[in-house]
There are 2 protein chains.
Amino acid sequence: MVRDSIRILQAQGHKATRPRKLVLEVLGEIENPLSPYDIQGILHTRGKYLNHVTIYRILDLLCSLNLAHKMLSSGGFVKCSLDATEGCHRFMVCQHCGAIREFADKELCQEENDFAQNFGFHTEHHLSEFSGLCSRCYKK
Amino acid sequence: MVRDSIRILQAQGHKATRPRKLVLEVLGEIENPLSPYDIQGILHTRGKYLNHVTIYRILDLLCSLNLAHKMLSSGGFVKCSLDATEGCHRFMVCQHCGAIREFADKELCQEENDFAQNFGFHTEHHLSEFSGLCSRCYKK
DNA sequence: GGCTAAATGCAACATTATTACAATTAGCTC
DNA sequence: GAGCTAATTGTAATAATGTTGCATTTAGCC
Ligand SMILES: [Mn+2]
Ligand SMILES: [Mn+2]
Ligand SMILES: [Zn+2]
Ligand SMILES: [Zn+2]
């Protein structure tokens with residue numbers, strides 16, 4: 001996964017730098033979306049330092065290459081996660097316990113593509129967030 | 001629309017204050033999502049002043065009552081718009097010209113509800129953002 | 001190992017968001 | 001309509017997030 005991203009990076013003429021590897025490493029292993037400062041914090045606990053400006057720039061690059069994606073998080077912050085699902089990022093956010101679950105579904109994408117087509121809109125990326133109650137919290 | 005919101009506000013024991021009326025007024029007439037500072041700016045051009053803290057608090061309240069909603073904007077900021085569509089907020093954002101078009105679709109909601117149900121998730125709000133090319137930019 | 005464009009770090013700044021507390025006001029009672 | 005009071009707003013201070021310009025470093029190349 002991270003290796004793939006680095007290959008794509010290089011194939012597009014970008015360097016495989018230490019900061020880029022570190023950011024990809026974190027994104028690759030943490031399931032939840034992460035803000036730039038989240039990433040900085042995680043790396044900090046591992047004794048690695050990256051300037052926040054650098055992290056912003058790396059995330060911008062990854063997004064522009066579709067290797068990562070910005071999304072709406074429960075708190076409203078910009079987050080990024082590795083783009084394992086080619087333009088489809090969906091999240092279920094529990095309003096009660098805050099749990100976030102990411103998933104992808106190509107059928108929904110198709111429906112959305114068709115729908116947008118009616119407006120002459122050509123869709124490339126699908127982001128969505130369902131808020132409600134997770135199975136645990138719903139039972140209560 | 002705004003009148004309705006005020007009624008709901010009062011029914012829940014909240015006061016119909018001048019700042020709340022002003023924020024609702026703006027949200028009700030501007031079609032695009034607005035950030036707290038957007039709202040402050042619009043009011044400013046009309047000779048009305050509201051402190052940004054007040055606006056944040058009002059938007060929080062409106063969201064908690066489902067009278068408004070936070071969303072991902074093209075720039076990644078938190079925006080709010082009046083909730084005319086009961087838990088369904090969908091946006092098409094053109095990656096080229098930045099145009100934002102809001103819409104709602106109950107069929108998509110149904111599909112999403114069903115999908116989430118498979119995970120035991122009970123969906124209450126649907127947010128989605130399609131990014132791609134609007135009809136104009138796609139032609140070029 | 002040196003060269004050079006690309007990338008990072010740093011500093012300064014801009015914007016957005018939150019907190020604590022004092023001042024004001026909407027809605028109620030009389 | 002005047003007075004009362006809890007709710008709301010404004011103010012000030014601060015925190016968190018995001019951007020820009022420029023000096024320094026480094027990856028990829030010869
Ligand atoms: Mn993507
Ligand atoms: Mn809503
Ligand atoms: Zn839950
Ligand atoms: Zn366009």
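Residue numbering restarts at 1 for every chain, and letters A, B, ... go by the order of the sequence lines. These numbers were taken from a predicted model, which means no experiment stands behind them.
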Student: Round to the nearest Å and state the distance from A/N51 atom CG to D/dG18 atom P.
Tutor: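 These atoms are roughly 14 Å apart.
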Student: Please report, rounded to the nearest Å, how far the C1' atom of C/dG9 is from the CZ atom of A/R20.
Tutor: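 It is 14 Å, rounded to the nearest whole Å.
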Student: Taking only the side-chain heavy atoms of B/Y37 (C-beta and beyond), determine which of D/dT11, D/dT17, C/dA17 contains the nearest atom.
Tutor: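 The listed nucleotide nearest to B/Y37's side chain is C/dA17.
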Student: With nearest nucleotides of DNA chain D determined for B/L61 and A/D60 from heavy-atom distances, which residue corresponds to the more 5′ nucleotide?
Tutor: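 That would be B/L61.
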Student: With sequence neighbours left out, which residue pairs that include part of residues 110-128 of chain A fulfil the salt bridge (Lys or Arg N to Asp or Glu O under 4.0 Å) condition?
Tutor: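 Listed by first then second residue: A/R90-A/E112.
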Student: Could you label the plane-to-plane angle of the B/Y56 and B/H52 rings as parallel, tilted or perpendicular, counting under 30° as parallel and over 60° as perpendicular?
Tutor: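 Judged by the thresholds at 30° and 60°, the geometry between B/Y56 and B/H52 is perpendicular.
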Student: Nearest whole angstrom, please: distance from the P of D/dT9 to the CD of B/Q40.
Tutor: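 Those two atoms, CD and P, are 14 Å apart.
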Student: Once salt bridge (Lys or Arg N to Asp or Glu O under 4.0 Å) is applied, do any residues pair with A/D4, and if so which ones, sequence neighbours excluded?
Tutor: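 A/R7.
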Student: What is the separation between atom NZ on B/K21 and atom P on C/dA26, rounded to the nearest whole Å?
Tutor: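 From B/K21 NZ to C/dA26 P: 8 Å.
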Student: Quickly work out the A/I39 CD1 to D/dG18 P distance and round it to whole Å.
Tutor: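 To the nearest whole Å, that distance equals 11 Å.
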Student: If I take atom CG in residue A/L9 and atom C1' in nucleotide C/dA6, what distance separates them, rounded to the nearest angstrom?
Tutor: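 Going from CG in A/L9 over to C1' in C/dA6 covers 12 Å.
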Student: Taking atom NZ of A/K48 as the centre, does the number of heavy atoms from other residues, nucleotides or ligands within less than 6.0 Å exceed 12?
Tutor: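 No - once you tally the heavy atoms of other residues, nucleotides and ligands closer than 6.0 Å, there are 12 at most.
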Student: Please report the distance, rounded to the nearest Å, between CG in B/L34 and C1' in C/dT16.
Tutor: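 From B/L34 CG to C/dT16 C1': 16 Å.
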Student: Give a yes or no on whether B/R46 atom CZ has more than 12 heavy-atom contacts from other residues, nucleotides or ligands under 6.0 Å away.
Tutor: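 Counting other residues, nucleotides and ligands, CZ of B/R46 exceeds 12 neighbours.
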Student: Check this one for me: any side-chain N or O of B/Y49 less than 4.0 Å away from OP1 or OP2 of D/dT11?
Tutor: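 The answer is yes; a side-chain N or O of B/Y49 sits under 4.0 Å from OP1 or OP2.
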Student: Taking OH from B/Y56 and P from C/dT19, how many angstroms apart are they, rounded to a whole number?
Tutor: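 About 12 Å, once rounded to whole Å.
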Student: Which class fits the ring pair B/F119 and A/F103: parallel under 30°, tilted 30 to 60°, perpendicular over 60°?
Tutor: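 Taking A/F103 first and then B/F119, their aromatic rings sit tilted (interplane angle of 30° to 60°).
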Student: Once the angle between the rings of A/Y138 and B/H122 is folded into 0 to 90°, is it parallel (under 30°), tilted (30 to 60°) or perpendicular (over 60°)?
Tutor: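 Rings of A/Y138 and B/H122: parallel, under 30°.
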Student: Using a 4.0 Å heavy-atom cut-off to protein, can you give one letter per nucleotide of nucleotides 20-30 of chain D, 5' to 3': B if the base is in contact, S if only the sugar-phosphate is, - if neither?
Tutor: BB----BBS--
